[in-house]
Amino acid sequence: MKAHQRIMREQIEKEEKSSLLGEYWKHIDTDIKKAEVKEINLSLAKQIIEKYEWLKCLSAINKYQFGIFFDNVCAGVVVYGTDYAENLGHWDKYGFTGKILLLNRGACVHWSHPHSASKLISQSMKMLPKKYEVITATVDDLAGEIGTIY
């Protein structure tokens, strides 16, 4: 099974190749060493999430969002919010209450470097407030997700 985001990336690439703009991304330097990760507004994150992500929407509670940029063009986003299980007290016994975030959404555009997601997640986690010690994430097998980023 192919992951939904991979299917969307392939479909959108075909659509954009035949658009009036053509292969505009061919002029963007996607050297991963030059990529810049920075905090972004929710509006920008929403544009990419709604286009590429399985659920096609943001989570109800969003606290932090980051993008990866090549030549000042956003090529992917991640959004962090409240971990669902934290309200249930499951983490209390480990002393992590108030120190947990959920990586609740993330997607990269079709022309992004193959390692964009890995760099975006690792760099954005370093930019989060220091109080967060645990980052959780979930996968959805209905979307073809297996929890691996290539």
Reported CD-to-NE2 distance for the pair Glu53 and His4, which is rounded to 0.5 angstrom: 7.5 Å
From CA spacing to verdict: side-chain contact (heavy atoms from CB on, under 4.5 Å), Ser18, Lys14: CA-CA 7 Å; Ser18 62; Lys14 284 180 188 173; over 6 Å; no
Separation between OH of Tyr84 and OG of Ser59, rounded to the nearest 0.5 Å: 3.5 Å
hydrophobic_cluster_shared for Tyr64 and Ile135, side chain cutoff 4.5 Å: yes
Sidechain-backbone polar pair: Ser124 side chain, Leu120 backbone, donor-acceptor under 3.5 Å: yes
Polar side-chain atom of Gln5 near backbone of Gly106 as donor-acceptor pair, under 3.5 Å: yes
Crowding at OH, Tyr94 (>12 non-hydrogen neighbours, <6.0 Å): no
Heavy-atom side-chain contact between Thr136 and Trp91 under 4.5 Å: yes
Test: Lys34 cationic atom under 6.0 Å from Phe70 six-membered ring centre, within 45° of axis: no
Contact check, side chains of Val77 and Arg105, non-hydrogen atoms, under 4.5 Å: no
Atom pair CG/CD of Asn72 and Glu36 - distance to nearest 0.5 Å: 7.0 Å
Val79 to Ala45 - nearest heavy-atom pair and separation: CG2-CB, 3.9 Å
hydrophobic_cluster_shared for Ile28 and Ile32, side chain cutoff 4.5 Å: yes
Worked verdict on Trp111 versus Glu13 for side-chain contact (heavy atoms from CB on, under 4.5 Å): CA-CA 8 Å; Trp111 52 263; Glu13 180 178 11; over 6 Å; no
Side-chain ion pair, Lys51 and Glu16, N-O less than 4.0 Å: yes
Side chain Arg9, main chain Tyr52, donor-acceptor under 3.5 Å: no
Cys57 versus Ile49, closest heavy-atom pair with distance: O-CG2, 3.5 Å
Glu10 and His110: side chain donor to acceptor below 3.5 Å: no
Validation row: Ser43, Gln47 side chains within 4.5 angstrom (heavy atoms): yes
Short side-chain to backbone donor-acceptor contact, Glu86 and Gly98, under 3.5 Å: yes
side-chain contact (heavy atoms from CB on, under 4.5 Å) between Ile68 and Lys119, worked out: CA-CA 8 Å; Ile68 187 164; Lys119 182 166 185 167; 4.1 Å; yes
Heavy atoms of other groups near Lys56 NZ, more than 12 under 6.0 Å: yes
Considering all heavy atoms, the nearest Ile48-Cys74 contact: CD1-SG, 3.7 Å
Transitive ILVMFWY side-chain link Met8 to Val109, under 4.5 Å: yes
Co-membership, hydrophobic cluster, residues Met127 and Leu42, 4.5 Å side-chain: yes
Shortest non-hydrogen contact from Tyr80 toward Ile121: OH-O, 3.7 Å
Distance in Å, Asp29 CG paired with His113 NE2, rounded so as to fall on 0.5 Å steps: 10.0 Å
Nearest-0.5 Å distance that lies between atom CD in Gln123 and atom CE in Met125: 11.0 Å
Inter-residue atom distance Thr82.OG1 - Lys63.NZ, 0.5 Å rounding: 3.5 Å
Side-chain (Ser116) to main-chain (Ser112) donor-acceptor, under 3.5 angstrom: no
Side-chain (Asp83) to main-chain (Ala85) donor-acceptor, under 3.5 angstrom: yes
Single-linkage hydrophobic cluster, 4.5 Å side-chain cutoff, Tyr132 and Phe66 together: yes
Stepwise side-chain contact (heavy atoms from CB on, under 4.5 Å) check, Val78 with Asn104: CA-CA 8 Å; Val78 290; Asn104 59 29; over 6 Å; no
